[in-house]
Trainee: 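My questions all concern the structure below.
Heavy-atom basis, side chains included; hydrogens, waters and symmetry copies ignored.
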Amino acid sequence: MVLFKKIKPMMKKIIFLLCFEIMIAANVFPQNSIIINAGNARDTISRNIYGHFAEHLGNCIYGGFYVGENNTKIANKDGIRLDVIDALKKLKVPVLRWPGGCFADTYHWKDGIGPKDKRPSILNIWWGNVKEDNSFGTNEFLNMCELLGAEPYLSGNVGSGTAQELADWVKYVSHPNETSPMTDLREQNGRIKPWNVKYWGLGNEAWGCGGNMKVEYYANLYRQFATFMSSDNLYRIASGASDADYHWTEILMKEIPHNLLDAVALHHYSVIDWGKKGASTNFSEQEYFTTMQRALLMDELVQKHSAIMDKYDPAKKTALIVDEWGGWYDVEPGTNPAFLFQQNTMRDAMIAGVTLNIFNNHCSRVKMANLAQVINVLQAVILTNEEKMVLTPTYYVMEMYNVHQDALLLPITVTSNDYILGKEKLKAISASASRDKNGIMHISLVNINAKNAQDISITLNGAKFKSIKGRILTSDKIQNYNSFENPGKIKPGAFTAFTINGQQLMVKMPPFSVTVLELK
Ligand code: AHR
């Protein structure tokens, strides 16, 4: 102490500055800053970015959505679980993709219509060779979408089907009565008015389970199949690239006439290593970090695929759709490996939070996304076990973020601290902001840092508001999840860790947390 007093003022200043630098390098002082320019809004966040995906895989359809008309233990309407429908209505599910996935290119829709006792059974070759009795088919799916208030997105069979079969499916679901044998068939099956399905996928993963095609061949096939689909309200989606296969996008954009091509569909999963995916709950911080690296890669993928699309379509008429995304781990011990049933922890909430921010911020090109998959498969929002149902942390992120649906994106600049693990680093903070049709502004924030809270200063240029409130999703361990025994462990709570000073907000985000602020 005595010695310190003797040091000259200049020396003291140097020591102070040195300490300051060290503390900044160690992320002790807040460096996170967000600038939102509320006056410069231009693009709308399509509600379809909050879409889902349901495949005939494991217990997604059977046991998840559909428990059979004769089930007396689980409340249902025409066999559709009502607890699940109620929960999904709260998410405001805008669009639901079905029946696959890989299953789609083995699916012959005529097997799934008419009296159930006459429907043929097949083997589900992609997902465990289990018997598919076709008791859930086109009518059941489309009626369920009506119950849910979601738009259907049908994945057509290009890999093993024919152009005629797909053209007939369009007629069966969308053409006016008495215009073809297909519409007569619809009427015979008890459905009088058409469902008018807008969204159609032409094959799935044509580069893989959809036929192992070369992109040049698929582009030709797409042109052929797309030509014979006819309806007033048709949105045709090509099977797009896997991850960073930019050549695939280039050829689709170059070779398919754009009047036949409304969107190309990218697939990207947050998987650590396809050979060693790791457990869904019992994971290390390193595994968490790598998963987040994979999730954040979505930003680069979207940007690079969009840049290719910009070359051929500067007006952005053809959309980029990410119709499969999410975390993929080893299945829960003791479950069928082909059923892809995994638990869902705070790690999954982080994947959902950052990914949806990426899609929001790229909404001028990304017009739809479908989380894989809605119930009991991969990064599910709902898990079921007989009559029990669990809402996962991912469910709550989708629910908190649904305020962005159809809202105006507010341009945002994010400067973030690093989340450092060993020699690697990631940006700790992710954010997006929007203003809805009632003038209410929402800011969604994610702190992926597994250990440290983050102080964030948010500057709101051109925003008027009188009150702020917020909700937060967090927990005391990143491995935490909602189980059938303890379904309410993780739920959003009120968020109050912020202060306001004019147009400036100071927010403190706990480690691995997701927050949505509402300013009005
Ligand atoms: O979502 C599971 C599978 O992942 C889908 O069936 C397929 O399209 C993808 O490879």
Trainee: Once you round to the nearest 0.5 Å, how far does OG1 of T355 lie from CZ of R294?
Mentor: 13.5 Å

Trainee: For N438, does its backbone N or O pair with a side-chain atom of D436 as donor and acceptor, under 3.5 Å?
Mentor: yes

Trainee: Are H442 and H404 side-chain neighbours, meaning at least one heavy-atom pair lies under 4.5 Å?
Mentor: yes

Trainee: Quick one: are K508 and D455 in side-chain contact, heavy atoms under 4.5 Å?
Mentor: yes

Trainee: Name the one of K92, R435, R47 that satisfies salt bridge (Lys or Arg N to Asp or Glu O under 4.0 Å) with D406?
Mentor: R47

Trainee: I472 and A494: which non-hydrogen atoms are nearest, and at how many Å?
Mentor: CG2-O, 3.8 Å

Trainee: Just to verify, what does C102 make a disulfide (SG to SG under 2.5 Å) with, not counting sequence neighbours?
Mentor: C209

Trainee: Apply salt bridge (Lys or Arg N to Asp or Glu O under 4.0 Å) to E332 and list each qualifying residue two or more places apart in sequence or on a separate chain.
Mentor: none

Trainee: Working to the nearest 0.5 angstrom, can you tell me the gap between I351 CD1 and L296 CG?
Mentor: 10.0 Å

Trainee: So, for A319 and M309, which heavy atoms are closest and what is the spacing to 0.1 Å?
Mentor: O-CE, 3.5 Å

Trainee: Compare every heavy atom of M400 with every heavy atom of R471, then report the nearest pair and how far apart it is.
Mentor: O-CE, 3.4 Å

Trainee: Rounded to the nearest 0.5 Å, how far apart are CD of Q286 and CD of E424?
Mentor: 6.0 Å

Trainee: Quick one: are M350 and V514 in side-chain contact, heavy atoms under 4.5 Å?
Mentor: yes

Trainee: Are W98 and Y107, when compared by the centres of their aromatic rings, separated by less than 6.0 Å?
Mentor: yes

Trainee: Determine which pairs satisfy side-chain hydrogen bond (donor to acceptor under 3.5 Å, both in side chains) with at least one residue from residues 362-379, sequence neighbours left out, and list them in order.
Mentor: E55-Q373, D299-H362, D310-R365, D313-R365, N376-T384, Q379-T394

Trainee: Within the 4.5 Å heavy-atom criterion, are I429 and K427 side-chain neighbours or not?
Mentor: no

Trainee: Using the test side-chain contact (heavy atoms from CB on, under 4.5 Å), find all partners of A244 that sit at least two apart in sequence or belong to another chain.
Mentor: Y246, L301

Trainee: Looking only at non-hydrogen atoms, find the nearest pair between S306 and V302 and report the distance.
Mentor: OG-O, 2.6 Å

Trainee: I'd like to know if the side chain of D43 and the backbone of L409 have a donor-acceptor N/O pair within less than 3.5 Å.
Mentor: no

Trainee: Hey, which of I74, D83, V67 is the one that makes side chain to side chain contact (heavy atoms under 4.5 Å, CB included) with E387?
Mentor: I74

Trainee: Does S155 reach the main-chain N or O of G100 with its side chain, forming a donor-acceptor pair under 3.5 Å?
Mentor: yes

Trainee: Please examine the side chains of W207 and Y218, heavy atoms only from C-beta on, and report whether any two atoms are closer than 4.5 Å.
Mentor: no

Trainee: Of the non-hydrogen atoms in L473 and V397, which two are nearest, and what is the gap between them?
Mentor: CD2-CG2, 3.8 Å

Trainee: May I ask you to decide if A380's main-chain N or O and T392's side chain share a donor-acceptor pair within less than 3.5 Å?
Mentor: yes

Trainee: Are more than 12 heavy atoms from other residues, nucleotides or ligands located less than 6.0 Å from atom CG of N282?
Mentor: no

Trainee: Tell me every residue that passes side-chain contact (heavy atoms from CB on, under 4.5 Å) with T345, counting only those two or more places apart in sequence or in another chain.
Mentor: T281, F283, R347, D348, Y481

Trainee: With no hydrogens and no angle check, do the side chains of Y199 and N48 hold a donor and an acceptor under 3.5 Å apart?
Mentor: yes

Trainee: We want to know whether E287 and T291 form a side-chain donor-acceptor pair, criterion being a heavy-atom distance below 3.5 angstrom.
Mentor: no

Trainee: Any chance you could measure S33, atom OG, to M506, atom CE, to the nearest 0.5 Å?
Mentor: 10.0 Å

Trainee: Is I443 close to I34 at the side-chain level, that is, under 4.5 Å between some pair of heavy atoms?
Mentor: no

Trainee: I want to check something: taking the side chain as every heavy atom from C-beta on, are L88 and I382 in contact at a cut-off of under 4.5 Å?
Mentor: yes

Trainee: Taking Y269 as the fixed residue, which of Y329, W328, W325 is the one that meets the ring pair (Phe, Tyr, Trp, His ring centres under 6.0 Å) rule?
Mentor: W328

Trainee: Output every pair passing ring-ring contact (aromatic ring centres under 6.0 Å, His included) with a member in residues 491-518, not counting sequence neighbours, ordered by first then second residue.
Mentor: none

Trainee: Which residues pass the side-chain hydrogen bond (donor to acceptor under 3.5 Å, both in side chains) test with K276, not counting sequence neighbours?
Mentor: none

Trainee: Taking atom NZ as the centre, does K316 end up with more than 12 heavy-atom neighbours from other residues, nucleotides or ligands that are less than 6.0 angstrom away?
Mentor: yes

Trainee: Hey, mind stepping through E324 and F53 against side chain to side chain contact (heavy atoms under 4.5 Å, CB included) and telling me if it holds?
Mentor: CA-CA 7 Å; E324 290 187 28; F53 168 37; 3.5 Å; yes

Trainee: If only atom types and distance count, is the side chain of N204 paired as donor or acceptor with the main-chain N or O of G210 below 3.5 Å?
Mentor: no

Trainee: Does the Y396 side chain pair with the main chain of L391, one donor and one acceptor, at a distance under 3.5 Å?
Mentor: no

Trainee: Can you tell me how far apart CE (M389) and CG (L82) are? Round to the nearest 0.5 Å.
Mentor: 11.0 Å

Trainee: Could you measure the distance from the CG atom of D330 to the CG atom of L340? Nearest 0.5 Å is fine.
Mentor: 10.5 Å

Trainee: Sequence neighbours excluded, which residues qualify as side-chain hydrogen bond (donor to acceptor under 3.5 Å, both in side chains) partners of S432?
Mentor: N357, N360, S444

Trainee: How about L445 and I458: do any of their side-chain heavy atoms sit closer than 4.5 Å?
Mentor: yes

Trainee: For residues 461-470, pull every pair meeting side-chain hydrogen bond (donor to acceptor under 3.5 Å, both in side chains), keeping only residues two or more places apart or in separate chains.
Mentor: N37-N461

Trainee: Under the rule for side-chain contact (heavy atoms from CB on, under 4.5 Å), what residues qualify as partners of K214, not counting sequence neighbours?
Mentor: E216

Trainee: Counting only N and O atoms by type, is there a donor-acceptor contact under 3.5 Å from the side chain of N336 to the main-chain atoms of A338?
Mentor: yes

Trainee: Keeping the roles fixed (side chain from N59, backbone from G64), state whether a donor-acceptor pair exists under 3.5 Å.
Mentor: no

Trainee: Backbone N or O of A206 within a donor-acceptor pair of the S239 side chain at under 3.5 Å?
Mentor: yes

Trainee: Identify, with sequence neighbours excluded, every residue that meets side-chain hydrogen bond (donor to acceptor under 3.5 Å, both in side chains) alongside S416.
Mentor: none

Trainee: Tell me, with the steps shown, if F141 and F65 meet ring pair (Phe, Tyr, Trp, His ring centres under 6.0 Å).
Mentor: CA-CA 10 Å; F141 175 69; F65 275 114; 8.1 Å; no

Trainee: Has N447 got a side-chain atom pairing as donor or acceptor with P510's backbone, closer than 3.5 angstrom?
Mentor: yes

Trainee: Could you go through N482 and Y395, starting from their C-alpha distance and side-chain angles, then the distance that decides it, and tell me whether this counts as side-chain hydrogen bond (donor to acceptor under 3.5 Å, both in side chains)?
Mentor: CA-CA 11 Å; N482 289 335; Y395 173 93; over 6 Å; no

Trainee: With N212, which residues qualify under side-chain contact (heavy atoms from CB on, under 4.5 Å), at least two apart?
Mentor: none

Trainee: Answer with yes or no whether the side chains of E132 and Y62 bring together a donor and an acceptor at under 3.5 Å.
Mentor: yes

Trainee: T515 and M509: which non-hydrogen atoms are nearest, and at how many Å?
Mentor: OG1-SD, 3.4 Å

